[in-house]
Amino acid sequence: MGKIAILKFPGTNCDEDVYYVVKNVFSLDAEIVWHKSFKSVKGWDAVIIPGGFSYGDWLRAGAIAARTPAIESLVEARDLNIPVLGICNGFQILVEASLLPGALLPNENGKFVCRWVRTVVERPKGPWLSMAREGEVLDMPVAHAEGRYYVDEKTFYSTLMKSPLIRYVDGENPNGSLYNIAGVATEDGVILGLMPHPERASESILSPRGFKAGGRVIFESLRQSIKRGW
Amino acid sequence: MTSTYLVEVIITNKKGVRDPEGETIHKHLILRKGYASVQSVRTGKYLLLSVNALSGEDAIRIVKELCEKLRIYNPVVHDIEVRLRG
Amino acid sequence: MTSTYLVEVIITNKKGVRDPEGETIHKHLILRKGYASVQSVRTGKYLLLSVNALSGEDAIRIVKELCEKLRIYNPVVHDIEVRLRG
Amino acid sequence: MPLSHAEIDEIRNILRREPTVEELAMFEAQWSEHCSYKSSRLLLKLLPTEGRNVVIGPGRDAPAVKLFKDWLVVFKIESHNHPSAVDPYNGAATGIGGVVRDILTLGAKSIALLDMLYLGDPRNPHANWLIRGIVKGISDYGNRIGVPTVAGDAWFDPAFNTQPLVNVACIGIVRPEEIISSGPSPGDLIVIVGNATGRDGLLGSSFASKPLSEDVDKDIGAVQVGDPLTEKLLIDAIEVIRKRRLAKYVKDLGGGGLTTAIAETAADYGLGAVIHLEKLHTREPLTTLEILVSESQERMMIVVEQSKLSELVEVLENYDLMYSVIGFFTDDGVIRVFYNGSKVAEVPAKELAKPKPIRRASSPPMEALKGLKPLYSLPPEPRYDDAILKVISSPNVASKRWIYEQYDYEVGIRTVIKPGYGDAAVLRLLDGTNRGVAVKGDANPRYTYLDPFNGAANAVAECFRNLIAVGSRPLAIVDELNAGNPEKPEHFWYFEMMLKGVAWMAEELMLPVVGGKVSFYNEDHTGRQVKPTATIVGVGRVQDVTKTTTIDFKESGSYIILVGVTYPELGGSEYLYRVFRLEEGEIPKPRPCSELRNGRFVYKAIKLGYVKATHDISVGGLATAVIEMSILGNLGFDIDLEKVFAIGAQRIDEVLFSETQARYILEVDPKAINNLLKLANRFGVKISIIGRVTDSGEARFRKRDKTIASIDLDLLRDAYRESLSREIEGGI
Ligand SMILES: Nc1ncnc2c1ncn2[C@@H]1O[C@H](COP(=O)(O)OP(=O)(O)O)[C@@H](O)[C@H]1O
Ligand SMILES: [Mg+2]
């Protein structure tokens, strides 16, 4: 009990990174769970879908993993109020599974991009952002080939503008994402998906010159939220 | 009695969703190399399924169904075309 | 007088060259979801060019030529099919 | 390359009868240059391979070196030059796949990839197509398997327009007690794991053992598509297999396929084997001959005790990996191959595994005189503002971010010094300590072309300096020698000279050469060899990753220190090439004694905390090194060239752009300067205080009061950061 599930699919490659950070940097209890063994969200304090290239990212990033029983069972998370975080490929999976709105398209320049960027949090709320301040700048690296967020105007204004949102600082959008969107959440913030990697930005030793470890607030929020709710 | 049919699935971006790859191929490759008669380029993904079915229509029906159910395309951004391979 | 033709280009791996993407979609998505009548999946790239040309054949000729010259595909690995869009 | 008549006679001798077609195919695959090193083996003996830290030297798929008492570093270099010339995307991708599997054979965890790319002129359409494909291939494969590509080298030269060099390396770590190395015993089962065997990989090694044919379609048998998903599953499964100690031996099915894997393993352990080919999982119906020599990718051989088979199978099935148990090892030294009960081959393992070495003739070509030509009359001195900008914007000097930003260099959360920030990449071990490992790959094709012996020696020295410059202790290197056709004496000469150069400098710097690879037949279809290139990859020990140094200037007011003596060595320099299109002259002399002395001094100075930034001086000389430090630190500088300790230099360019070896630039806090001077004295190292870091936003070189060049930092930054991208994107 009191554990975070880190879901692993064939091709997931940030599972150990997230595990290390959650466990060693934030002293939270976690377990890497192979997708075949993940039956239900019940009993977990939170679920993290880490980055990587599930099923080779073939067809579309996240498309095949989104159709697995493990992800299909996540629908319950919403009703049970269990926090779910999708990082990079995890975000792509959540979008492909329609647990978050929109779509993630190939980067505008057609290339994979690995780079540190600055993002801004808007309307922070929920287990993953409870400790973030409105307008707080979070520095984190991105590393993806399909991160160009797309959403229709209506959904953007009617839904996303009411929910927590993470956007690239103007001029730092690495992929051509609409509205500079780097991450989106459900209105209550219980399910959050983002392209940047907070686990790579949780220790100052890994932050290059001029950047801070902007991922910390996400895991610190989770730690507080698991203890005290959000 | 079933036989095998080849069914093509073509997934392209919806109108209104940009296709930077197509734009790049058009602008930076084709036009720059002097093929001015090319007006535009759109890119997409192509799948060729070989399907056991009762008839061509049956094969198409099966593929159309699986494209919807398995979300072979993402209706938020994609158009899809399913057809028998001629 | 020229008019505008829509020309499709389909680029797939040659026969005998593996297509891990198609294999994965087949095995981990389509078969796992019970569509056993699907025998195989091959993937490819799709381009749709709109071309000003004197005739359909002329449009195809232009596109074939530019695919060769601009290395839109790699003849060592890929098969290419160029056809008018019906 | 088909077997020669002499070789076929030799085979008859070994078997004492006519060989079967299967046997001939096995010998042909195994005796190919790529698998057997028949042309290079005699010379390779010259390399110093031993040292205190060497745990496993050359011989296995990958060597292992003691990084710390409780950690080994396993690393390997590979080339995929020929496949990348015909199919850049898949050629480069499968190169990564292969080198990672080498690391897997010892059960090590792959923590870093390096790519050393010697590419054509980006403005040449064919070369441009190759460049994009190669980088994308490495990106798509490396990123998907979750191993960060943290460092590399990139060089652009029309000599590589049709035949690029794609050298890749992988670094792994493993606990000494967990290494998979017990070796097979008679009765142990042979399990082949991973992709189904197909016709796709037929005779790949023979393909790499002959020149590129003009009609590439003839080479179709070699085209293989990378399958990084299966590779990733192999990585994950082998990690579990290592932890649970389920394997006695693991080997990659690489060049020579099944034949090589079994022949080499059996020969190394004095065993034989019984193989049932029909048991192997195949993608399509194959002949026995095809099964024996197919080089389909992403396959491994796992040797398991009978009693542990079921546990092994459980792991493989959990990861959806295909596998088949195809036979077992025996104690009689003979490999017997069956197909549906009938015997198709029976060969002694030892004789199959190692053909007799061939002694190749070697003689220097006339072209080699270019590198002996002293530069009597240099062209008139240019305007230095212009010359500096030209050099900084050269694709060989400018930032390689167009390349490395396509690579996930951070997955694994170990990359403390990332590409572009330091002379080498530094990775932490993530074991609860601050310890780490530094890695870098280097070559200079122009040097080895002009002077293969000294050029190769300089590559070793540069690698050593790069490892020192981040504050690591260089431990060992591996080398990749890319040469022409070994049957042509004037090509073979380059190979021989490069090898001797590596051997000499490695010995002098006490860097054991624990492994390497040879790639021959790097010719274009006209028979012209590309620039012969010696690529060196080195690893260094990092005691504390928080105390490493990066390139970027940290603070205005710091002193800029030049370590080492500068000689007028412009031969083969980037400056002569970029500004005057000259590619000739004596290249900088290798100076092993200075390398050692200066290297030890810099290592110590970093360790004592005197140094805020370090950069070694290499391509582009002093001017390039300080400008890079300044651009990355976003700080200007003011340097007085009069202060440079130079011997024999008569012109400004001989100071600014000389590529004299064994030199570094240090940024030193004024408070530490006296200590540093004392330390230099103690080490007997020549250092000069040449200037200061400023916040003027300007790069300024002067000679006393006379300004030699003064350039706005924004202009330099733009040239440095964007030039490569402009060349490549503009050159489609
Ligand atoms: N092909 C490449 N792949 C990844 N990183 C590269 C590549 N080429 C150069 N780099 C990186 O760019 C930086 C500068 O490299 P280089 O110019 O080779 O340095 P040096 O001259 O000190 O050897 C280093 O961090 C290096 O690892
Ligand atoms: Mg360097």
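Side chains are part of it too, since the values below use all heavy atoms of this structure and drop only hydrogens, waters and symmetry mates. Predicted, not measured: the structure shown is a model, and the values here were computed from it.
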message = Once rounded to the nearest 0.5 Å, what's the spacing between atom CG of C:Leu29 and atom CD1 of A:Ile64?
response = 5.5 Å
Please tabulate, one pair per line, the N or O donor-acceptor pairs under 3.5 Å between chain A and chain C.
residue	atom	partner	partner atom	Å
A:Tyr55	OH	C:Arg32	NH1	3.4
A:Leu59	N	C:Glu21	OE2	2.8
A:Arg67	O	C:Lys33	NZ	2.9
A:Glu72	OE1	C:Lys33	NZ	3.4
A:Glu72	OE2	C:Lys33	NZ	2.9

request  = Using heavy atoms and a sub-4.5 Å threshold, report which of residues 147-179 of chain A line up against chain C, by residue number.
outcome  =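 Listed by number, there are no contacting residues, so the answer is none.
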